**Student:** 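First, the structure itself, so that you have it in front of you.
Here the structure is a predicted model, which is why all the values come from computation and not from measurement. Within every chain, numbering begins at 1; the chains are lettered A, B, ... in the order of the sequence lines, protein sequences first and strands thereafter.
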Amino acid sequence: MVRPMKTLLAALVAFGLVGAAPALAQDPPRIVIGPGVIEPMPIAVPTFIDEGGAGEYAREISRVVISDLEGTGFFRNIGEEAYISRISSFDGGIAFEDWKAINAQVLVTGAVSVSGDRITVKFRAYDVFNGQTLEGAALQFAGTTQGWRRMAHKVADVIYSKITGESGYFDSRVVFVSESGPKNNRLKRLAVMDYDGANVAYLTDSSSIVLAPRFSPQGDRIIYTSYETGFPRITLLDVGSLRRQTLEEQPGTMTFAPRFSPDGGTIVFSLERGGNTDIYALSLSGGGLRQLTNAPSIETAPSFSPDGSQIVFESDRTGTPQIYVMPASGGEGTRISGGEGRYGTPVWSPRGDYIAFTKQNAGRFHIGVMRTDGSEERLLTASFLDEGPTWAPNGRVLMFTRETSGAGGQATLWSVDITGRNLKQIPTDGPASDPAWSPLLP
Amino acid sequence: MKGLALKLALVASVIGQPVLAELDQAALAAKISQFWSIAGADADTLASRVVVRVTFAQDGKPTDFQLIEAAGPSQAGIDALFAVARRAVLRAHADGGLPLSPADHDSWRVIDLVFGANGMPVS
């Protein structure tokens, strides 16, 4: 058989019919799959099992895990009414065929136990088609019953991370300005909440206006602008004790737009002195004030790159506000915004890959992102007034303020994915503005 | 393309290894595409490309997956894309089977599938 085949092949080669055909014929066919779809991944999260005294906690933790995952827009929870199998024991066998049949790609099982004020949550996330636990997605967390929502967020963070390859952002807090009263006499106080709007706590009263709160990189301090003295002053707040301290090293008349350096040891901010506003840096461990910009225009809204080597800021030196990048040691900076309109409130992504900003153009406000050299500008939102983006700890989601028009217009908090998908309002008790996302909690 | 397919079929018939017809390849690609979702993929995954060698049983069930070629900014992105690709094939099979004729099993016993998200819309 071998000889005739070789003879035939030789004949085909001679007639130019084959070329590399023998190799092609021996290799498996190669098929390009595409373009694919973008659909939420179907997952199943049966109510976590109560392993002792945890009934309501088990139900609520399951609900928050589902809410976290579905809230990203990347996952679709399969309702329990579709289940073929039930999970009755955390360590029992899994009938994977039953979960495959309802097209669940990932199955999350969990159990909760409570003893006194201590709660333990354990879970496993399975790749249904593989019939195995996702690597690193079988964990347990313990804490106080008061912190049950954090347990749920931690579970969801692990699942999100194992499936998407990105770090999570659910176990995080957002500080914001809670507003009340009429628009011409608005009362403002600092508040903090879970990233999804739950667990609101107030950090200051409404006796003085507060603006632009920012978390420290460790999440233990908040820096903000306060009008407590009648003039804008930068104030430092310890989140644990709520002790406040107005920074003293402020020879100008007004200081505002503060932000921490990535190591938390320095703050940068705008200082108005003699009618001119420039950017300054102040070491929190002593070391004095350093002037970083020196221009007759308004330089403001500084934000460090995550490696601390550069600062992005806003300047109107060309006549309209634009975005510039300079070394952290200061300098003139290089303009990176190039489109039509006015750019402001730039914020460097924690991943270092994008800069988020507010843009005003043709009577509309936008939240957008651009590469750190100004390329690939992408507008994610459009409305009467969108402003002040803040990054989720994983650099995948932005939160910002949206204000409606008119005398009755109200400020609300919204979030959007950096691709422009999954725009949604964050529930708050009343008007809210100036959100700032914390790092992932320890 | 049809000329090339004819040549391949001719050669394959000569040496005894049938090839999967172009129409069958297109049908298979279309079915798997329906279940290939990049929602939630990070930038490294979106920038990766993998070639997955899949072995199929005669009933069309995928029985083995091997990552035989990969390119991308990071191993994590490649691993994530491989996992997504694998799930796409398994889900496509679970959804009523793959469009493969058991009579031609020799032509699709092993297939290399190329997955690359570059150029796919993300919003």
Side-chain angles (χ1 to χ4, degrees), chain A residues 1 4-6 8-9 11-12 16-19 21-22 24-42 72-76 97 100-101 103 105-106 127-130 134-135 160 162-167 351 353 378 380 394-396 417-422, chain B residues 7-8 10-12 14-17 19-20 24-26 28-29 32-45 51-55 62 74 76-77 79-81 83-91 93-95 107-117 119-123:
Chain A
M1 283 298 291
M5 188 183 296
K6 281 186 176 174
L8 276 169
L9 279 171
L12 287 167
L17 281 173
V18 181
L24 284 170
Q26 288 165 9
D27 288 342
R30 176 167 289 213
I31 302 173
V32 177
I33 307 299
V37 295
I38 299 171
E39 59 160 18
M41 175 186 287
T72 65
F74 301 148
F75 303 95
R76 174 177 60 81
E97 291 302 322
K100 277 184 202 173
N103 203 26
Q105 288 200 52
V106 173
D127 180 339
V128 170
F129 288 99
N130 197 14
L134 289 171
E135 189 178 345
Y160 177 89
K162 295 302 172 188
I163 294 174
T164 67
E166 298 181 328
S167 59
R351 293 204 286 208
D353 51 356
R378 198 163 63 226
L380 310 177
N394 70 348
R396 178 84 202 194
D417 186 283
I418 61 167
T419 65
R421 300 169 65 238
N422 208 29
Chain B
K7 288 179 190 177
L8 290 175
L10 177 59
V11 172
V14 168
I15 62 175
Q17 294 186 11
V19 296
L20 190 60
D24 293 335
Q25 291 190 27
L28 181 63
I32 294 172
S33 292
Q34 293 173 33
F35 295 90
W36 177 32
S37 174
I38 58 165
D42 66 0
D44 282 4
T45 305
V51 180
V52 182
R53 179 160 291 174
V54 187
T55 304
S74 71
D79 291 345
L81 185 58
V84 169
R86 185 179 159 283
R87 279 201 200 96
V89 178
L90 289 167
R91 289 183 64 207
H93 173 257
D95 183 58
S107 68
W108 50 262
R109 186 191 309 273
V110 179
I111 297 176
D112 292 346
L113 300 175
V114 183
F115 292 83
M120 282 176 65
V122 295
S123 61

**Student:** Just how far is it from atom NZ of Lys100(A) to atom NE2 of His93(B), taken to the nearest 0.5 Å?
**Tutor:**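 Taking NZ in Lys100(A) and NE2 in His93(B), the distance rounds to 9.0 Å.
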**Student:** Between chain A and each of Val51(B), Thr45(B), Leu28(B), count heavy-atom pairs under 4.5 Å; write down the option with the most.
**Tutor:**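 Between Val51(B), Thr45(B), Leu28(B), the count favours Val51(B).
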**Student:** So, taking the atom named CZ in Arg30(A) and the one named CZ in Arg53(B), what distance separates them when rounded to the nearest 0.5 Å?
**Tutor:**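 Arg30(A) CZ to Arg53(B) CZ: 7.5 Å, rounded to 0.5 Å.
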**Student:** Could you grab the distance from atom CD of Gln105(A) to atom OG of Ser37(B), nearest 0.5 Å is fine?
**Tutor:**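 Taking CD in Gln105(A) and OG in Ser37(B), the distance rounds to 7.5 Å.
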**Student:** With side-chain contact (heavy atoms from CB on, under 4.5 Å) as the criterion, how do Asp127(A) and Arg87(B) come out once you've worked through the C-alpha distance, each side chain's angles and the decisive distance to 0.1 Å?
**Tutor:** CA-CA 9 Å; Asp127(A) 180 339; Arg87(B) 279 201 200 96; 4.0 Å; yes
**Student:** On a heavy-atom basis, which atom in Arg91(B) and which in Phe129(A) lie closest, and how many Å separate them?
**Tutor:**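 Looks like CG-CE1, 3.2 Å.
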**Student:** What heavy-atom pair brings Ile33(A) and Ala29(B) nearest, and what distance separates the two atoms?
**Tutor:**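 Answer, listing the atom of Ile33(A) first, then Ala29(B): CD1-CA, 3.8 Å.
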**Student:** So for Leu134(A), is it side chain, backbone, both, or neither that comes closer than 4.5 Å to the heavy atoms of chain B?
**Tutor:**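 Side chain only.
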**Student:** Could you tell me which non-hydrogen atom of Ser107(B) sits nearest to which non-hydrogen atom of Pro29(A), and how far apart they are?
**Tutor:**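 Scanning both residues completely, I find the closest heavy atoms to be O-CG, 3.8 Å.
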**Student:** For a 4.5 angstrom cut-off between non-hydrogen side-chain atoms, does Ile31(A) reach Ile111(B)?
**Tutor:**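 Ile31(A) vs Ile111(B): side chains touch.
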**Student:** Does any heavy atom of chain A fall under 4.5 Å from the side chain of Arg109(B), the backbone, both, or neither of them?
**Tutor:**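 Neither part.
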